Every structure is written in C-alpha cells, then in structure tokens.
Amino acid sequence: MKFAILGSGAVGGYYGARLAKAGHDVTFIARGAHLAAIRERGMQIRSAALGDFVARGRAEEDTAKVGPVDLVLVGVKTYDNPTALPLLRPMLGEGTLVLTVQNGVDSAGDVAAVAGEERTLGGTTYIATALESPGLIVQTGTHRRILFGEVFGVLPRLSDRVNRIAEAFAGADIEGGAVGDGRVPIWEKFVFLASLAGFTGASRLPIGPVWGDAFTRAQFLAGCREIEAVARAEGVPVAHDVVDRIIPYIDAIPGSMRSSLLIDLQQGKRIEVEALQGTVVRRGAARGVPTPIMSTLYSVLKLHAGGAKP
C-alpha cells in the first residue's frame, strides 16, 4: 500500500518506519532538520526491547509533491490541526482514506471537515516513543498498538477497507487492529487520558504522588467518571467498567510516569489542553452533563495553552 505520514514525529514516524520496513511505499511529511535527516540517513528506530532498525522512505515538506495515496496516517499534535490538516488535500485521490490517531475525541471531526466523512477513520494508539534527535526515534517498552475503525455512518460495522488496513498493519508488526466502532477505543482511552493529563499537569507532578494521595486519587477517578458520563450522553457505548479498569492499570505503572501534557508544560511548549480538558467541558455543557472537576483543571491549564511566553 501507499502511505503518507502527516506528522512524522515520535508516534507517526515510528509507525511509518514499521510500514516502510515491511515493504510498503511510505512518504514521511516533515520539515527542517528532521526532514533533512530522514532524507540523508532514513528514519532510525532505536528499541532496546524490539531491536534497532533504519527505514527508508520518501520525505517531503510539500504534500503537492506526494500526490494521492491509499492511506494518510495523521499524528500531528492537535493544536497544529488548523495548519496541518489542509496539507491533506493534495494527497486525496479517489480511494484515499485518512486515519487519525491523535489524542482526544475531536480529531475525526476535524479531519472530516477537510477530507470528508466518507474518507475518515478514527483510532487511538498505545506507544511510548520519543523523538530524541532529527531522524531518530527511541522506543521505550514494547507497546505499538493501534485500535481503529469507522467513526461515521451506521455503527458498529467492520468494513472491508478497515480490515484491509488492519492486515497491512499486522504485516508491519503493528499490534491492535480493527474494531466495529472506532469511537469506543478513542473514548475509552480519553476517559483516562484527559484526567491523567489534567491532574499531572495542574499539579506539575508525575502520577506517583497524584495517585498516592487518597483524596486526589478519588478526585482523579471522579474526573474519569465525568468524562464517561459525557461519552454516554453522546451515545458512545464505552465499557461498563471503563473507570474500574483504570485502577489496576495505574497501580502497575511506574510512579515516575509523566503525561505528555506535563512534559510539554515543563518544557515550555504548547499543550493540548483544548483537545483534552477543554473538549470535555464544552461537550458536557452541550449535553447538560456537569463536569466540575474537569472544568477546574481546564481553568488552571488553559492559561498555559500557548506555552512559555518570551
């Protein structure tokens, strides 16, 4: 298949490298030093658990030079959508699909506004990677999972096109696969992620101290239940135990774990507060679902949305 990776950073770049290694035609959309490094040395993957490799593929900044592809994988930060998503248009052919694995629950709608609902698929990913230097992605652990599916039209349905992409992913050693309702894994991750990012970001602390304090832990879970209530109000059938499953998961992760929002905040970068806490508040208000905890986290974090000011 012919793939384009819109957002060839730590996440998109990793999956693009896996697909290129498996023999697919992959174009990495990048710019600056990262673009130059990919062109010169390929996309380098370093993984203590799974092994190092170098993937070769085209690298372009101008998507008009790419032309139509079978699938565009969107992995840019959500705050870049206004400038990044218009870059999709030159890559859209008659059968092109666009799969977003961005954080949050707004991305499929954002992509569809440019590419059309009929082309848009939605999913979520579980992976720990970092762009250590231009052209070099370092993976921690072994997670490399994408769960995705149709997100518009009559749901659930497991379409042939989704199965075809899932087969390509499996052949590239990307775990996960197709689901009948792509909204479900997106929202089930969001229930956890928006609360995790909110509490670690607002406290400026990793998950250990947050989870170790009984009162804060209870508020963390109450925040998760607010998000679950919004999901159900929107008609998304998340699992009945979606919040209960978070408890053993957090119990098992290192206390030093920081959310990506906290990492960006501490580095003075822009943060995805609008796509995480902000959208919970707005969707809750639209559906008449109270979100006091998420609203408080949003009010604290939104002041840092643009990153450190000079």
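Below, each value reflects all heavy atoms present in this structure, side chains not excepted, and no hydrogens, waters or symmetry copies. Here the structure is a predicted model, which is why all the values come from computation and not from measurement.
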Any heavy-atom pair between the side chains of L221 and I247 that's under 4.5 Å?
yes
In a table with atom names and distances, give each donor-acceptor pair under 3.5 Å that connects a side chain of residues 122-132 to protein atoms at least two apart or in another chain.
{"residue": "T125", "atom": "OG1", "partner": "Y15", "partner atom": "OH", "Å": "2.6"}
{"residue": "T125", "atom": "OG1", "partner": "R145", "partner atom": "O", "Å": "2.9"}
{"residue": "T129", "atom": "OG1", "partner": "A10", "partner atom": "O", "Å": "2.9"}

Side chain to side chain contact (heavy atoms under 4.5 Å, CB included) against S203, all qualifying residues, sequence neighbours excluded
L205, V210
Single-linkage hydrophobic cluster M1~L19, side-chain heavy atoms < 4.5 angstrom
yes
Return each pair, listed once, that meets ring pair (Phe, Tyr, Trp, His ring centres under 6.0 Å) where at least one residue sits in residues 225-252; pairs must be two or more places apart or across chains.
F192-Y249
Residue pair D52 / S47: nearest heavy atoms and the distance that separates them:
OD1-N, 2.9 Å
T78 side chain reached by D106 side chain, heavy atoms, under 4.5 Å:
no
Which pairs with one or both residues in residues 57-86 pass ring pair (Phe, Tyr, Trp, His ring centres under 6.0 Å), sequence neighbours excluded?
none
Rounded to the nearest 0.5 Å, what's the gap from NE2 on H143 to CD on E175? Could you check?
8.5 Å
Taking S259 for its side chain and L262 for its backbone only, find out whether a donor-acceptor pair lies under 3.5 Å.
yes
Contact between I253 and W211 at the side-chain level, heavy atoms closer than 4.5 Å - yes or no?
no
Verify the distance criterion only: is there a donor paired with an acceptor across the side chains of Q102 and D110 at less than 3.5 Å?
no
D160 atom CG, neighbour heavy-atom count above 12 within 6.0 Å:
no
Taking all non-hydrogen atoms of both residues, which atom of A178 and which atom of N163 are closest, and how far apart?
CB-OD1, 4.0 Å
Could you tell me whether the side chain of H304 reaches within less than 4.5 Å of the side chain of V273, counting heavy atoms only?
no
Look only at the side chain of T216 and the backbone of D213, and say whether a donor-acceptor pair between them is shorter than 3.5 Å.
no
Given 3.5 Å as the limit, does a donor-acceptor pair link the side chain of Q277 with the main chain of A194, or not?
yes
Please, which pairs that meet ring pair (Phe, Tyr, Trp, His ring centres under 6.0 Å) have at least one residue in residues 16-46, sequence neighbours excluded?
F3-H24
Is it true that F152 and V236 fall in one hydrophobic cluster, defined by side-chain heavy atoms closer than 4.5 Å?
yes
Do D80 and R270 have side chains that get closer than 4.5 Å, going by heavy atoms?
yes
R119/E94 ion pair, N-O < 4.0 Å:
no
Considering all heavy atoms of both residues, which atom of R41 and which atom of V54 are nearest to each other, and what is their separation?
O-CG1, 3.3 Å
Once you measure the plane-to-plane angle for F220 and F199, does it fall in the parallel (<30°), tilted (30-60°) or perpendicular (>60°) bin?
tilted
Does any part of the side chain of I29, heavy atoms only, come nearer than 4.5 Å to the side chain of V76, both counted from C-beta?
no
Checking S8 side chain against A30 main chain: does a donor-acceptor pair fall under 3.5 Å?
no
How far apart are the closest heavy atoms of L136 and R46, and which atoms are they?
CD2-NH2, 3.7 Å
Just by distance, do the side chain of E228 and the backbone of V242 share a donor-acceptor pair under 3.5 Å?
no
Listed once per pair and sorted, the ring pair (Phe, Tyr, Trp, His ring centres under 6.0 Å) pairs that draw on residues 259-301, sequence neighbours left out
none
Would you say that more than 12 heavy atoms from the other residues, nucleotides or ligands in this model lie under 6.0 Å from the NZ of K269, or not?
no
Closest approach of P206 and G255, non-hydrogen atoms and distance?
CB-O, 3.4 Å
Is any side-chain heavy atom of L193 closer than 4.5 Å to one of N103?
yes
Measure the shortest side-chain to side-chain distance between L85 and V74 over non-hydrogen atoms and say whether it is less than 4.5 angstrom.
yes
Using the rule that Ile, Leu, Val, Met, Phe, Trp and Tyr join whenever any side-chain heavy atoms are under 4.5 Å apart, tell me whether V26 and L99 fall into a single cluster.
yes
Quick test of your reading of the model: are E234 and R183 salt-bridged, counting only N-O distances below 4.0 Å?
no
Provide the closest heavy-atom pair for G171 versus A22 in the form atom of the first, atom of the second, distance.
O-CB, 3.8 Å
Looking at V238, is its backbone amide N or carbonyl O close enough to the side chain of R232 to form a donor-acceptor pair, meaning the two atoms are under 3.5 Å apart?
yes
Using modelled atom types and a 3.5 Å cut-off, is there a donor and acceptor pairing between side-chain atoms of D70 and backbone atoms of T96?
no
Distance-only side-chain donor-acceptor flag, Q139 / R144, under 3.5 Å:
no
Side chain to side chain contact (heavy atoms under 4.5 Å, CB included) evaluation trace for F169 with R18
CA-CA 9 Å; F169 284 176; R18 284 254 166 228; over 6 Å; no
I'd like to know if the side chain of T120 reaches the main chain of G116, judged simply by a donor and an acceptor atom lying under 3.5 Å from each other, with no hydrogens or angles considered.
yes
CZ (R157) with more than 12 external heavy atoms under 6.0 Å
yes
Does V114 belong to the same Ile/Leu/Val/Met/Phe/Trp/Tyr cluster as V111, with side-chain heavy atoms less than 4.5 Å apart forming each link?
yes
Without swapping roles, check the side chain of R39 against the backbone of A59 for a donor-acceptor pair under 3.5 Å.
yes
Between M91 and L71, is there shared hydrophobic-cluster membership here, with clusters defined by ILVMFWY side-chain heavy atoms closer than 4.5 Å?
no
Basic-acidic side-chain contact under 4.0 Å: K21, D173:
no
R282, CZ atom: more than 12 neighbouring heavy atoms under 6.0 Å
yes
